[in-house]
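Notes follow once the structure below has been shown.
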Amino acid sequence: MEPAIQLKGVIKSFGDLQAVKGIDLQIRQGEYVALLGPNGAGKTTLIEMIEGIQTPDQGEIVLLGKTWKRDSAALHAEIGLSLQETKFIDKLRVGETARLFASFYKLSAKRVDEVLELVNLTEKKNAYVSNLSGGQRQRLALGIALLNNPKIILLDEPTTGLDPTSRREIWTILQELKQRGTTMILTTHYMEEAQVLCERILIMDRGRFIAEGSLSELISQYGEGDVIEFSVREKEVPDMKQLPGFNKLVWKDEECRGRIWVENLALAVPAFMRQIADSHLELLELECRKMTLDDLFIALTGRNLYE
């Protein structure tokens, strides 16, 4: 089976800035992939080239065996897009908005009703868009992206700014779509979202992929162990190298905050507490956890995804 999405040597520059630096990528049909990286990593430029909004300076993008140059009309019919923020006409009703977009694909009223049911907006069909909550607006945007029953969906931070309940409602809808064989690229800053929805995670920084794989594969290959994160009142850098299973300490002097990677929390935490006491430091905050994607990104780049 040919890949749903295939990129070969894709490069894109804006003046002297090379935003995407020779990306190669294959995504199989039915695969859900998360694209993570800080602002300025090149994620948006890469997604816009896949969407056909931007044209690569070099390289090739093939979607479902088609290219934007040769098959743009066919690809528009097979791809669904949902942006981080979508503007609708406030004085249109939900059903009217969906029918407007459905008319672009010459879709029936039955298909509109199917999609509104899928995104749990049937009861809001006659409500004005201006009266929708943030979560309902995002579900409407997702519904619009799904009207043409796309084989590929490209979602740019679809749950940004939503409360946890609304976010999980979106997740449920996307998990249902996966059962139907839809292929998805998801850009997100939510670590849990990538872990819950996607089999493969691509971490992008400065125009390149710096790591890819499942969460367990990434942690196994690049991880540095469990995490002890703490802050103290003093600016003194504590000596933690004697902790059992110690791997690494990152200390931020201006915040009096440290992050330690260790092999085993159960062994390291009691020793950590003794070291704090012996050093006469006042412990203000303490968090102990298994490694997350954000921790992994810090280990790879020295900064977190929000910087």
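In this view, K87 and E85 satisfy the side chain to side chain donor-acceptor pair (under 3.5 Å) rule, not counting sequence neighbours. Annotation: side chain to side chain donor-acceptor pair (under 3.5 Å) contacts of D57 (sequence neighbours excluded): none.
A side-chain donor-acceptor contact under 3.5 Å links D71 to the backbone of T67. Of the possible donor and acceptor atoms, none in the side chain of S103 sits under 3.5 Å from a partner among the backbone N and O of K106. Not one N or O on the side chain of S214 forms a donor-acceptor pair closer than 3.5 Å with the backbone of R200. Side chain of Y32 to main chain of T183: no donor-acceptor pair is present (N/O by atom type, distance under 3.5 Å, no hydrogens or angles). Side-chain atoms of D163 come within 3.5 Å of backbone N or O of S166 as a donor-acceptor pair. Of the possible polar contacts, one joining the N148 side chain to the A77 backbone as a donor-acceptor pair under 3.5 Å is found.
The cationic atom of K12 (NZ for Lys, CZ for Arg) lies less than 6.0 Å from the six-membered ring centre of F14 and within 45° of the ring axis. In this structure, K241 fails the cation-pi test against F246, since its NZ or CZ atom is not both closer than 6.0 Å to the six-membered ring centre and inside 45 degrees of the ring normal.
By the neighbour-count criterion of 12 heavy atoms within 6.0 Å, atom NZ of K248 is densely surrounded, having more than that number from other residues, nucleotides or ligands. Crowding of E255 atom CD: a count of heavy atoms from other residues, nucleotides or ligands under 6.0 Å exceeding 12. With a 6.0 Å radius and a threshold of 12 heavy atoms from other residues, nucleotides or ligands, Q242 has its CD atom at or below the threshold. More than 12 heavy atoms of other shown residues, nucleotides or ligands fall within 6.0 angstrom of atom CD in E176. Around the NZ atom of K8, the shell of radius 6.0 Å holds no more than 12 heavy atoms that belong to other residues, nucleotides or ligands. In R206, the CZ atom is not crowded: 12 or fewer heavy atoms of neighbouring residues, nucleotides or ligands sit closer than 6.0 Å.
Counting heavy atoms from C-beta on, the side chains of I61 and Q6 never come closer than 4.5 Å. A heavy-atom distance below 4.5 Å is not found between the side chains of I89 and T97. Counting only heavy atoms from C-beta outward, the side chains of F209 and I203 never approach each other to under 4.5 Å. No side-chain heavy atom of E229 sits less than 4.5 Å from a side-chain heavy atom of E285. Between L286 and I228 the shortest side-chain heavy-atom distance falls below 4.5 Å. Taking 4.5 Å as the limit, some side-chain heavy atom of E234 sits within range of a side-chain heavy atom of E282. When side chains are defined from C-beta on, R28 counts as touching E199, because their heavy atoms get closer than 4.5 Å. E51 is not listed as a side-chain neighbour of I79, based on a closest heavy-atom distance of 4.5 Å or more.
In the hydrophobic cluster analysis, where Ile, Leu, Val, Met, Phe, Trp and Tyr join through side-chain heavy atoms closer than 4.5 angstrom, L162 is grouped together with L121. A single hydrophobic cluster is not seen to contain both L146 and I47; linkage of ILVMFWY side chains at heavy-atom distances under 4.5 Å, directly or through other members, places them apart. A continuous path of Ile, Leu, Val, Met, Phe, Trp and Tyr side chains, each step under 4.5 Å between heavy atoms, connects V232 with I260, placing both in one hydrophobic cluster. I152 is connected to I23 through a chain of hydrophobic side-chain contacts under 4.5 Å among Ile, Leu, Val, Met, Phe, Trp and Tyr, so both are in one cluster. Under the 4.5 Å side-chain contact rule for hydrophobic residues, I50 and I53 do not share a cluster.
Between the NZ atom of K43 and the CD atom of E48 there is a distance of 11.5 Å, given to the nearest 0.5 Å. Atoms CG and CG, on L7 and L25 in that order, are 5.5 Å from each other to the nearest 0.5 Å. Atoms NE2 and CG, from H280 and D278 in turn, are 7.0 Å apart once rounded to the nearest 0.5 Å. Separation of atoms CG (L155) and CG (L35) is listed at 12.0 Å; rounding is to 0.5 Å. Rounded to the nearest 0.5 angstrom, R93 CZ and L100 CG are separated by 15.0 Å. From L132, atom CG reaches atom CD of Q138 across 11.0 Å, with rounding to the nearest 0.5 Å.
Under a 4.0 Å N-O distance rule, the pair D113/K125 qualifies as a salt bridge. Residues K69 and E60 are not paired through a salt bridge, judged by the lack of any N-O separation under 4.0 Å between the basic side chain and the carboxylate. Salt bridge annotation for E254-K235: absent, with no cationic side-chain nitrogen under 4.0 angstrom from a carboxylate oxygen. A salt bridge links D90 with R137: at least one charged nitrogen is closer than 4.0 Å to a carboxylate oxygen. A salt bridge between E192 and R168 is present, with a side-chain N of the basic residue lying under 4.0 Å from a carboxylate O of the acidic one.
Scanning all heavy atoms of the two residues, the minimum distance from P244 to A268 falls at O-CB, 3.8 Å. Taking both residues in full, the closest heavy atoms of S231 and L283 are given as O-CD1, 3.6 Å, listed atom of the first, atom of the second, then distance. Shortest non-hydrogen contact noted between S130 and K91 is OG-NZ, 4.3 Å. The heavy-atom pair separating A98 from L116 by the smallest distance is CB-CD2, 4.4 Å. The two atoms that bring P150 and T182 nearest to each other are O-CG2, 3.9 Å, heavy atoms only. In plain terms, the two heavy atoms of R139 and V119 that are nearest each other are NE-O, 2.7 Å.
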From CA spacing to verdict: side chain to side chain contact (heavy atoms under 4.5 Å, CB included), I153, L174: CA-CA 10 Å; I153 52 175; L174 294 176; 4.1 Å; yes
Evaluate T159 against E193 for side chain to side chain donor-acceptor pair (under 3.5 Å), listing each step before the verdict. CA-CA 9 Å; T159 65; E193 186 160 274; 2.5 Å; yes
Candidate pair L75 and W68, rule side chain to side chain contact (heavy atoms under 4.5 Å, CB included), full reasoning: CA-CA 7 Å; L75 284 175; W68 284 108; 3.7 Å; yes
Side chain to side chain contact (heavy atoms under 4.5 Å, CB included) between K66 and L63: does it pass, once the steps are laid out? CA-CA 5 Å; K66 305 177 180 68; L63 309 176; 5.6 Å; no
Test side chain to side chain contact (heavy atoms under 4.5 Å, CB included) on M204 and L46 and set out the steps. CA-CA 10 Å; M204 190 172 185; L46 180 61; 4.1 Å; yes
Does the pair N247 and E263 meet the rule for a side chain to side chain donor-acceptor pair (under 3.5 Å), with working shown? CA-CA 7 Å; N247 284 330; E263 294 296 333; 2.8 Å; yes
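Relative orientation of the W251 and F230 rings is tilted, given thresholds of 30° and 60° on the angle between their planes.
Residue pairs meeting the side-chain hydrogen bond (donor to acceptor under 3.5 Å, both in side chains) criterion with at least one member in residues 13-27: none, sequence neighbours excluded.
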